[in-house]
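Please read the structure below before turning to the comments.
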Amino acid sequence: MSKKKLIVKGVRLDGRKWNELRPIKIEGGVLPNADGSAYLEQGRNRIIVGVFGPRELHPKHLAKPHKAVLRCRYHMAPFSVDPRRSPAPSRRDTELSMVIRNALEPALFLERYPRASIDVFVEILQADGSTRCASITAASVALVDAGIPMRDLVAACSAGKIDSEVVLDLNDIEDKEGEADLPVAYMPKLGKVTLLQMDGMLSPEEFDKALNLALEGCNKIYELQREALKSRYVKQGEGRSAE
Amino acid sequence: MSKKKLIVKGVRLDGRKWNELRPIKIEGGVLPNADGSAYLEQGRNRIIVGVFGPRELHPKHLAKPHKAVLRCRYHMAPFSVDPRRSPAPSRRDTELSMVIRNALEPALFLERYPRASIDVFVEILQADGSTRCASITAASVALVDAGIPMRDLVAACSAGKIDSEVVLDLNDIEDKEGEADLPVAYMPKLGKVTLLQMDGMLSPEEFDKALNLALEGCNKIYELQREALKSRYVKQGEGRSAE
Amino acid sequence: MSKKKLIVKGVRLDGRKWNELRPIKIEGGVLPNADGSAYLEQGRNRIIVGVFGPRELHPKHLAKPHKAVLRCRYHMAPFSVDPRRSPAPSRRDTELSMVIRNALEPALFLERYPRASIDVFVEILQADGSTRCASITAASVALVDAGIPMRDLVAACSAGKIDSEVVLDLNDIEDKEGEADLPVAYMPKLGKVTLLQMDGMLSPEEFDKALNLALEGCNKIYELQREALKSRYVKQGEGRSAE
Amino acid sequence: MKRKRISTALAQGKREDGRGLMDFRKIVIKKGILEKAEGSAEVWLGDTRVIAGVKVGVGEPYQDTPNQAVLTVNAEFTPIASPTFEPGPPDETSIELARVVDRGIRSSEAIDFEKYCIIPGKAVYVIFIDICILNYAGNLIDASALAALAALQSTKVPKYVAEGGEVKPLDASEPLELRDLPIAVTVGKIDGSLIVDPTADEEDVMGTRFTVTVNQEGNICALQKSGPEGLTLEEIRKAINIALEKAPEIRKLLMES
Amino acid sequence: MKRKRISTALAQGKREDGRGLMDFRKIVIKKGILEKAEGSAEVWLGDTRVIAGVKVGVGEPYQDTPNQAVLTVNAEFTPIASPTFEPGPPDETSIELARVVDRGIRSSEAIDFEKYCIIPGKAVYVIFIDICILNYAGNLIDASALAALAALQSTKVPKYVAEGGEVKPLDASEPLELRDLPIAVTVGKIDGSLIVDPTADEEDVMGTRFTVTVNQEGNICALQKSGPEGLTLEEIRKAINIALEKAPEIRKLLMES
Amino acid sequence: MKRKRISTALAQGKREDGRGLMDFRKIVIKKGILEKAEGSAEVWLGDTRVIAGVKVGVGEPYQDTPNQAVLTVNAEFTPIASPTFEPGPPDETSIELARVVDRGIRSSEAIDFEKYCIIPGKAVYVIFIDICILNYAGNLIDASALAALAALQSTKVPKYVAEGGEVKPLDASEPLELRDLPIAVTVGKIDGSLIVDPTADEEDVMGTRFTVTVNQEGNICALQKSGPEGLTLEEIRKAINIALEKAPEIRKLLMES
């Protein structure tokens, strides 16, 4: 649907190469009241995640006898997008809350906490494309910050197609004007993809290329998550590619 | 409120005489998952009813210690009318759900199932006038299909006044452009009227005539219900009058 | 924000002096079904309050083990204002329900009724400015009418600033076009202010003057409340000042 | 117990409160009780107390009736009206109440909707009737229909003119023109006896509630049967006759108020 | 127990109901089943039964796409479809279902949205696809996507013309032009086995649900992974290949219906 | 226990956290933290953390103020801010918070609403202030009022022109003009002691919360008393004086941030 050129002489509008991530900053333990938390910037995305639990689930009839219930909420601040959006949840919010939950669940030992809930609340303060991936990346760090044991960290990154090229980590305009968006979440140690959606059109070959590129992005982000958890803070400078 | 002629030379716009029902098709047992079900066509009405129960009622505080709770929902598919309607329930839907419940309740032995619920869900796939009557007719068959004992079948049919004439079984345009609409539900064996509403204007004499005509219609439909229950399927051809 | 003159030659648009209350009528025990009730007219305000309780609180999980829960609802009839308003509660209604609850609570012995609720329902039939004060005045009488012991009656009255003058008991146009509105509720015997809000702009000196004026108004209204409780009915004629 | 008390009385042709089966409680009608609404009325039916307010504005017509005014009837059961009423959005009972009142007014063509069109397809009068139940002591439909009608009788319609496709308010108003006075009469059936104007206790034990709305000329302009029991043909005819007989009495009261 | 039964069958390369892992249940497609909707279709996938209705109207375009028609897909799980479905507003599952169907149609550019613009920035066609689940027996996405497409195939678009900035209806209609036929194929994973067209019981024990939507030219136009387990790269590739293979078979059925 | 600890400290003229009765916690103000909003700010008041975002658009004015911009203030208690907050629509507390912040800005006439009218009666600027509570540690009103004001200070208003009755955007913006800086100071009463800037624990045991909003010239531009206890005249005067004294200190911080 695009008319505007998104890649000019091999360079994307924000100056990146096809296989380059946006600058990323991750910080754990940013909220005093939450059991765990993380703040993430990826390009102009600003996301804060708070984790509560394992804790007693209310109302009790929703509790499960043999495992914890993982609850996720993806929520956008009214000022996070242009024009301002209503604070009431949209259908998109509902779907994203669900796919984020599905992306995180394989990493957790829910069976260890019968009758409990683990609550992951994602607040999008500013949205700039690929927010569901960034939310999963941040939530993963917040879960570790909460002291909740995990099988592996879940790292997430999108790939996509713009101006007929497969590229990494779509920003807002690339998502809206581009030809395909492929958000992926991955547990690198376990080799499992836990989020996989696609919008737009890709040939099977392009899909293969885009999936591999997204996984490279996930691996890179995985390293940043681990650094952030070691030092409580990590910032990846500009101009670093995924390879 | 009408300008357009609805009866021309004794014949209604769809070709019927004043005392003629629209073609009717009734089929029981059409839904694998429901405890009982029925599908009904009456003119261009397409209605499907599913019955569940007697079953445990949730939430429990709504249960009654000495009898079952009958719950009815009248619901129109968004594409059932023109223009498309919102799937959220309207005030009309709420009222119709209530009058349908009141029309069916006298036929049931609710006192036999304390703490239980019997749920009757009506889905209007296409609406063409007198849908509340058609819903009751179909629900009655679905209740029997569910194996729920009944004092009598409830048969329902409307009469009304169009172009100053009392006529049987109003269709959509006759309902909207006509002078009166009198939906009636009846238990023929017990001689009890369980639904009776009126919209529009009738003299006491016209009311008597219309009520009697509607009851004749109910008797005819009652036969069709019984045939449908015997053979699981009945189709009444075109051009058969209520007498 | 005002252009129109609200005081002409020392006289307000409705003929009052700066320190004059509007005509007031209070009547207790007006509703057969409520445990206590009161009807109040103040200018063109028409307010009816019903009180229920102390009674068992539903749902039970909201009950408090050591005290009663006081619940208040401020509700405007759709025809109480111009243009007609939706019957759904507005944000203003929610805030006013809360400040009315806070204004009444200090007068009640909630600790005497653990697990119970006391419900105060305010219906504004016609609104003409300072309705929150009038609601508190009426609610206080309704609580006594319900036989609920009170530390003191709560009397309420607004003061404000219009055309640069501090005046008593703002009506609708004075509230909308004036420079400040100061609603106050007071327990005269105990010397406690239980409602205090302000909208608009006052210098500290003007605030002092307005607060004192409002308290004089409260004292006057307090007398009327006591008369109403003695005789079940009181009507204060026109043209009586607060002094 | 309540049931037994009521039944025993009915068996002797009387009501719990001493009334005969065909007697209404005392009816009090006050019109024009509010200054800010375009129309208003208060009705007492024994201890049942109802206020109706009419607000008149300007808005767009419905697409399928471009030259007709819009009428909306709404009912609220305020929580002061009964210890069992809870605040909240309208439930099934208040929706039914509003719709039965609406049907009576609409079917009788009491309001000439085409007269209250300002610019066809663009601007028409929008008439809101809001019914507010202040005390519930049975027979809300009859009380509400009466209050709505009394409020309409007191209604002053603000004048507007169309100027160059725009609607301009004039500083004038005139009484709403009413072409009919439809009266709702509700008949209850308890143990096979038919009664009018049931109390709350009677409604609790009543098997059927049947409302017949009758216009000035003695025609029927709305019917609503409710409740978990059926009616025989005989009972329907009796109820219709009761309503045809009672309606003029109540209409007289309304016109004299 | 259910789990064991299903697993045992799968271990022998079979399904509980006797199907092979790559077999769909019997598919029945009926187009144009309703007269009042502009388009309609009913689809059976074994006992799963879905109706889709298409309504076409005229409305305003979105601000950021002033010369494009508006498409809205909505799904309702009616309470007749399963004893566990409750009436109420759409939940997470029905929202996801509608959005996955929507994405397939939109990404494949099956509808030329610019063609269905009437007055740029002012009036465009508004196309509603409403999906109504009548019986739930698993694999709602594939059934719903198919029903939506079949309903679009049967759709007659009423004609409108722009006259002096106003939209006028003509008494004519023409078939909706479809440029593609995107087919959704859902693959489930149970105990490491991949299967197509899962039943309700299989869905209950399934760790992952992965839907691949494939267009006419064999390109991928939507993906949706769901469920609490992950997929390996190998499994993803296999699933994609299954979809690429199955989609043309189903498209053939659709075209022949 | 908590109560006793707090009371014991207050009896000795101190706070649980070592502050004096009239000391605010550390205040940090960051303006312009978001690129996409027209204005934004983050405020820390000790551990209380609040973000305010300002969005500016164009819309219709209210009928009774046809030549004035529209201001809407909204507050959300996000569930990350406290283990006891639940997601959902605004409750009584967040509505009160938003309305108190709104009242301070409106009463001080900090924004010249008439200046931000584009076409009288048709198009005006619509200014949304959304307050997002990220961590709750008491005194949300003061923190939120401060964040809202700081966000307004950072706001760039996109320029529009009226051309032939239509609104056209220009590719330019200019800072929002603020004519005043109203500061909210909340005073709490515990056991008869007045304190400023209460913590969450202090709020739990506080009988009264009294917020005084003070403008640049030392006038009072909003008051809000809350909580289940009353105030004496003496306490009201003291609280007003505390606010008149504290407000300039906080305003200075705001202007220097």
Side-chain angles (χ1 to χ4, degrees), chain A residues 29-39 41 43-53 55-59 71-89 93-94 97 117 119-129 131 138-139 142 146 171-173, chain F residues 32-42 44 46-59 72-90 94-95 98 126-138 147-148 151 154-155 158 169 199-200:
Chain A
V30 296
L31 293 173
N33 288 346
D35 293 331
S37 60
Y39 173 70
E41 294 183 6
R44 296 192 301 174
N45 283 321
R46 304 268 192 288
I47 295 171
I48 191 159
V49 178
V51 168
F52 294 86
R55 61 178 176 179
E56 208 183 337
L57 194 157
H58 290 287
R71 297 189 296 186
C72 292
R73 187 180 89 135
Y74 171 93
H75 177 254
M76 304 186 90
F79 46 75
S80 63
V81 286
D82 206 31
R84 182 210 184 237
R85 55 161 280 169
S86 154
D93 295 345
T94 302
S97 297
S117 79
D119 295 320
V120 176
F121 298 122
V122 176
E123 299 291 331
I124 309 294
L125 301 176
Q126 189 163 273
D128 189 30
T131 55
N171 66 23
D172 197 31
I173 190 160
Chain F
I33 55 158
L34 301 173
E35 296 95 335
K36 291 203 164 183
E38 277 73 38
S40 60
E42 189 158 12
W44 279 261
D47 273 348
T48 285
R49 183 176 174 188
V50 169
I51 286 187
V54 176
K55 295 294 292 180
V56 179
V58 173
T72 301
V73 180
N74 181 56
E76 281 187 84
F77 286 33
T78 72
I80 62 176
S82 161
T84 63
F85 291 179
E86 308 235 339
S94 59
I95 288 173
V126 176
I127 302 168
F128 284 101
I129 305 178
D130 281 284
I131 294 162
C132 187
I133 310 300
L134 294 185
N135 202 69
Y136 166 61
S154 78
T155 297
T199 62

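Chain A is the first sequence line, chain B the second, and so forth, proteins listed ahead of strands; every chain is numbered from 1.
One N or O on the side chain of F:Lys55 and one on the backbone of A:Val81 form a donor-acceptor pair closer than 3.5 Å. Here the side chain of F:Asn135 pairs a donor or acceptor atom with the backbone of A:Asn33 at under 3.5 angstrom.
The closest side-chain heavy-atom distance from A:His75 to F:Pro87 is not below 4.5 Å. Side-chain contact between F:Arg49 and A:Ile48: present, with at least one pair of heavy atoms (C-beta onward) separated by less than 4.5 Å.
With a 4.5 angstrom heavy-atom cutoff, A:Ser80 touches chain F only via backbone atoms. Looking at F:Ala81, only its backbone comes within 4.5 Å of chain A, counting heavy atoms on both sides. Neither the backbone nor the side chain of F:Pro89 comes within contact range of chain A; no heavy atom of the residue lies under 4.5 Å from a heavy atom of that chain. Both the backbone and the side chain of A:Pro32 come within less than 4.5 Å of a heavy atom in chain F. For F:Ile129, no part lies under 4.5 angstrom from a heavy atom of chain A. If you measure heavy-atom distances from F:Glu76 to chain A, the contacts under 4.5 Å come from the side chain alone.
When every heavy atom of F:Pro79 is checked against every heavy atom of A:Arg73, the shortest pair comes out as CD-NH2, 3.2 Å. Among all heavy-atom pairs drawn from A:Phe79 and F:Ala52, the shortest one is CE2-C, 4.3 Å. Considering every non-hydrogen atom in both A:Gln126 and F:Lys36, the closest pair reads OE1-N, 2.8 Å. Annotation for A:Arg84 and F:Asn74: closest pair NH2-ND2, 3.8 Å, computed over non-hydrogen atoms.
Using a 3.5 Å distance cut-off with no hydrogens or angles, the side chains of A:His58 and F:Glu86 do not pair a donor with an acceptor.
Atom CD of F:Glu38 sits about 5.5 Å away from atom CG of A:Asp82, to the nearest 0.5 Å.
By number of non-hydrogen pairs under 4.5 angstrom with chain F, the leading residue of A:Pro89, A:Ala34, A:Pro78 is A:Pro78. Chosen from F:Leu134, F:Ile80, F:Asp47, the residue pairing most often with chain A at heavy-atom distances under 4.5 Å is F:Ile80.
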